[in-house]
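Atoms within a ligand are numbered from 1 in the order they appear, just like the ligands themselves.
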Amino acid sequence: MTPVPVAVLVSGGGTNLQALLDALRDSAVARVVRVVASGAGAGAGALERAARAGVPTVVLKDPADPAEIETAVGDARLAVLAGYVKHIPPAAVARLRWRVINIHPALLPAFGGPGMYGRRVHAAVLASGATLSGATVHYVDEEYDRGPIIAQWPVPVRPDDTPDTLAARVLEVEHRLLPQVVVELARLGVPEKPVRLAAMGAAFVVAEQPSVRFGDEA
Ligand code: GRF
C-alpha cells in the first residue's frame, strides 16, 4: 500500500504539523509530502519543523488565488489545514471537495466563524460559561468552520481556567485527534463523500449516522 500523500497548510508555529509529522513518520498509510505556508512571513515555526523533517515547503504568493492553492496541494490526496488562518477560495473548495479538512480548537458549530481563531476562541468559551470545550476536525467548505464535522474530542472547562490554560489542554487533544483522523481517512482512501468518525476506545471509527452539514437537520 502506497502511503496517501498529505499536504499540510499552515500559518503559525506548527505544533499540529509536528504531531502529524511524528505520527506519520513511519506510517504505511499516510505521509506528509508538502507543507504550504499562507504567505511570506507566515508559518515560520511550521516551516522550520518541515525543514527539520526534510519535507518540501511552498510559500503562497496569493492565498486567495484558487489555482495557486490547487497547485500547492498538487498530487496530495488530502489537504490538512493546521493553524491555517486564510479562507480557502470557493473555486478551490469545489475542485477539492471532501479532500480538505481543518482542525478548530472548539466544539463546532459553537465558537467558530470568521475571526474565531487562537486565544479569542478560548476567551469566548470562558465568557459563555460553557463547561465543555474541545477540538473539532471538519471538512472545509465555502464558509469558515461550517463544513461537515468528521470528529470531535471534548475537553472539560475548569472553574479556574484562563484562555491560555484552556488553550493548552485543547491543543494537547488536537495533537492526538488530528493524526488519528488523517490516518483513518487515509485508511478509507479519502472517500469522495463526507465521513463521520466516532471515538471507539482509543481509536476513531466510521460512525453509524452520516456526517451532516448544519441546517441539513430539518
Ligand atoms: C490550533 O489551536 C488550531 O486549532 C488553530 O490554530 C492553532 C494552531 O496551532 N486553528 P499550531 O500552529 O498547530 O501550533
- Query: Which ligand 1 atoms are under 4.0 Å away from a heavy-atom of G83?
  - Reply: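 Per the distance check, 6 (O), 8 (C), 10 (N).
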- Message: Students should be able to answer this: which protein heavy-atom is nearest to atom 12 (O) of ligand 1, and at what distance?
- Response: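 Answer, as residue, atom name and distance: G14 N, 2.9 Å.
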- Query: Which protein heavy atom lies closest to atom 13 (O) of ligand 1, and at what distance to 0.1 Å?
  - Reply: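 Answer for atom 13 (O) of ligand 1: N16 N, 2.9 Å.
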- Would you check whether G12 has a nitrogen or oxygen atom less than 3.5 angstrom from a nitrogen or oxygen atom of ligand 1?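 Such a contact does not occur with ligand 1.
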- Shortest protein heavy-atom distance from atom 14 (O) of ligand 1, along with the residue and atom involved: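 Scanning the protein heavy atoms, the shortest distance from atom 14 (O) of ligand 1 goes to T15 OG1, 2.6 Å.
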- Message: Any salt bridge linking E142 with R97? Criterion: basic side-chain nitrogen under 4.0 Å from a carboxylate oxygen.
- Response: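 Between R97 and E142 there is a salt bridge, with a charged N closer than 4.0 Å to a carboxylate O.
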- Item | Contact check: H104 vs ligand 1, nitrogen or oxygen atoms, below 3.5 angstrom |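 No.
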- Relative to ligand 1, is L81 under 4.0 angstrom through side chain, backbone, both or neither, heavy atoms considered?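 It is neither; nothing of L81 touches ligand 1.
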- Item | Closest protein heavy atom to atom 10 (N) of ligand 1, given as residue, atom name and distance to 0.1 Å |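 Its nearest protein heavy-atom neighbour is I103 O, 3.5 Å.
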- Passing candidate, side-chain contact (heavy atoms from CB on, under 4.5 Å) with V183, options L188, L20, L24: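 So the option named by the test is L24.
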- Task: For atom 2 (O) of ligand 1, find the nearest protein heavy atom and state the residue, atom name and distance (0.1 Å precision).
- Result: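 That would be E174 OE2, 2.9 Å.
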- Message: When you compare ligand 1 with Y84, is there at least one nitrogen or oxygen pair between them that comes in under 3.5 angstrom?
- Response: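 Between Y84 and ligand 1 (N or O atoms, distance only) the closest approach is not under 3.5 Å.
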- Message: Taking the six-membered ring of Y144 as reference, does the cationic atom of R146 (NZ for Lys, CZ for Arg) lie under 6.0 Å from its centre and within 45° of its axis?
- Response: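 No, a cation-pi geometry is absent between R146 and Y144.
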- Item | Considering all heavy atoms, the nearest A72-V58 contact |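 Heavy atoms of A72 and V58 come nearest at CB-CG1, 4.4 Å.
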- For L178 against A82, the heavy-atom pair lying closest together: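 The answer is CD2-CB, 4.4 Å.
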- Query: Is there side-chain contact between R34 and T57, with at least one heavy-atom pair below 4.5 Å?
  - Reply: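 Of all side-chain heavy-atom pairs linking T57 with R34, none is under 4.5 Å.
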- Message: Is it the case that the side chains of H175 and T15 hold a donor-acceptor pair, with the cut-off being a distance below 3.5 Å and no angle test?
- Response: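 Yes - a donor-acceptor pair under 3.5 Å links their side chains.
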- Any side-chain heavy atom of R158 sitting closer than 4.5 Å to one from D161?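 Yes, at least one pair of side-chain atoms sits under 4.5 Å.
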- Sub-4.0 Å atoms of ligand 1 with respect to non-hydrogen atoms of L171: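 Result: 1 (C), 2 (O).
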